[in-house]
Amino acid sequence: MKNCFDAMRRTTRYLCVTAILSVSLSACTSVDDSLGLNFLPDSFRPAFAVDTVYSIDAYLTQTNKIPSNNLGVTFLGNTLSDTYGKTTASALMQYVPGAFTDTENRFGPSPKADSIQLNLYVGSYSGDSSKTLTYNIYEVNKPIAMDSTYYVDFPAEEVIDQEPLFTFTHKAGEHFLITLKAEESGEKGRAFMQRLADAPASVYEADTAFLSMFNGLYIAPAPADTETDAALSSITLEESYMTLYTHFRDTETDKDSTVSLSYYFDDGTYSYNTSISRILHDYAGTEIETLLNDTLPSDNPVSTAYVQTLAGVTTYLRFSERLKSEIEALRDKHGEEYRNASMVINQARLIVEMDEPQPPLTWAESMDKAPSRLGMFFNYSDLDPIPDYYYQYEQQQGGTLAYDGYLNRSNYYYLMDITNYIQKMVIGWQPGHTAQQETVYLTPDVSLTYTFGQVALRSPATGEGRMKLILTYTLMK
């Protein structure tokens, strides 16, 4: 009990003195601000300082266990990069029918399917818009559970027919407006259209019944085109649909009547359908491949780190034993009397510089490609943030965290305020306290996970451009 009260008294004393120092340092006056400190006995007088430490090791890592279902968007396309390798995006999309104009007769007696028009709205894209890619459309032949979680490495091959229904070409950067005619399609494609037209009324009366018969479509770049450097397109599902066109013979007029029906891909709040984005990164032949996931203390840190959106490569930081020694050595700068002093972290700011872009890329172009903000997680797969990066609070309450994390376009760096994290780390170094996890993931901001972005960061072990931690601290005797 005595130790408990002693700890409380020390904590109260530190907080009070820190508050006094904060007020006195922030005042703008010609008065001698050190006056109050003269009343403190020498044995109690704190030391206040700002120093920079550098012993932060960077590694490269990548995880495929990032949830990718029901995002409101999905992705299609393929890109190649000397730095970031190959990225291939494909999409599994379930669809539900809209309303018939004639709800009683639906498609009419003995309807014949004529065509399907696919309309996928491209909200944004990244890459070469002059390139054309070939895509295959496959039918999903197994149920997709709406209440399950699916990831970017979703094994689509396990739930689709191996023979495609349709094949089409698309020019990157344009909306997908694809007409698939029955007369120009193979037997499998024609049969699919006709099954939509012939499905009984009960199937069209409830989304769940419809989805039990039609499990969805899977669209992917044709295997031969995954070696083409084209573009990645972000598809806005709320504005995307497909339309089936049919006709039947009107016995009264002895003429053909046309009936069409749209099916919607929106995976919104009031629908039962699911979408899954499959995004595969292949770093074969790149520098990243040789360094990826070597994150043990015995592995060599990298001199250039990377952060990529779409569940690509991220940076793994280790606040090493060398950093602990560097921070604890700060006491020695203030003399023998502070060697055993307690350290209070008033502020800890991590600065990570962008790597200089390689010509012909300019600084402006490089920053445009970079994520506008970086996040920091204990575990990226679980989206478990460090305490300073409590992104859920921003999402729920609005405003901006003191964490910051935004790209400073004037100085080409990211700044992260990680005061809480570093304070807990310093406390954890003391006997009898729980150690803080000393490794974190530096990633895109959680809101930017499924956007287009990539950035190279400087992380040399020595010299200019090192990652640096600027500490504002108080030493209490």
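All heavy atoms count here, side chains included; hydrogens, waters and symmetry mates do not.
Checked against the 6.0 Å centroid threshold, Phe377 and Tyr441 do not count as a close aromatic pair. Checked against a 6.0 Å centroid threshold, the rings of Tyr204 and Phe100 count as neighbours. Not less than 6.0 angstrom separates the ring centroid of Tyr241 from the ring centroid of Tyr263. Between Tyr84 and Tyr283, the gap from one ring centroid to the other reaches at least 6.0 Å.
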Would you sort out whether Lys86 and Glu227 count as a salt bridge (charged side-chain N to carboxylate O under 4.0 Å, His left out), showing the intermediate values? CA-CA 8 Å; Lys86 177 168 66 174; Glu227 300 304 321; 2.8 Å; yes
Walk me through whether Tyr264 and Tyr95 qualify under ring-ring contact (aromatic ring centres under 6.0 Å, His included). CA-CA 5 Å; Tyr264 297 93; Tyr95 49 94; over 10 Å; no
Go through Leu217 and Met93 one step at a time and tell me if the side chain to side chain contact (heavy atoms under 4.5 Å, CB included) criterion holds. CA-CA 5 Å; Leu217 299 175; Met93 300 180 291; 5.6 Å; no
ring-ring contact (aromatic ring centres under 6.0 Å, His included) for Tyr121 and Phe176? Distances and angles first, verdict last. CA-CA 6 Å; Tyr121 182 86; Phe176 287 73; over 10 Å; no
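A donor atom on one side chain and an acceptor atom on the other are not found under 3.5 Å apart for Ser55 and Ser320. Tyr218 and Ser90 form a side-chain donor-acceptor contact under 3.5 Å, judged by distance and modelled atom types alone. Counting only N and O atoms by type, the side chains of Asp445 and Ser372 include no donor and acceptor under 3.5 Å apart.
Between the CG atom in Asn293 and the CD1 atom in Ile288 there is a gap of 11.5 Å [rounded to 0.5 Å]. The distance from the OG atom of Ser240 to the CG atom of Leu120 is 5.0 Å, given to the nearest 0.5 Å.
No more than 12 heavy atoms of other residues, nucleotides or ligands lie within 6.0 Å of NZ in Lys369, so this atom counts as exposed by the packing criterion. In Glu174, the CD atom is crowded: over 12 heavy atoms of neighbouring residues, nucleotides or ligands sit closer than 6.0 Å. In the displayed structure, Glu464 atom CD is contacted under 6.0 Å by at most 12 heavy atoms of other residues, nucleotides or ligands. With a 6.0 Å radius and a threshold of 12 heavy atoms from other residues, nucleotides or ligands, Glu438 has its CD atom above the threshold.
Seen from the ring of Tyr54, Arg466 counts as a face-on cation partner, given the 6.0 Å and 45° thresholds.
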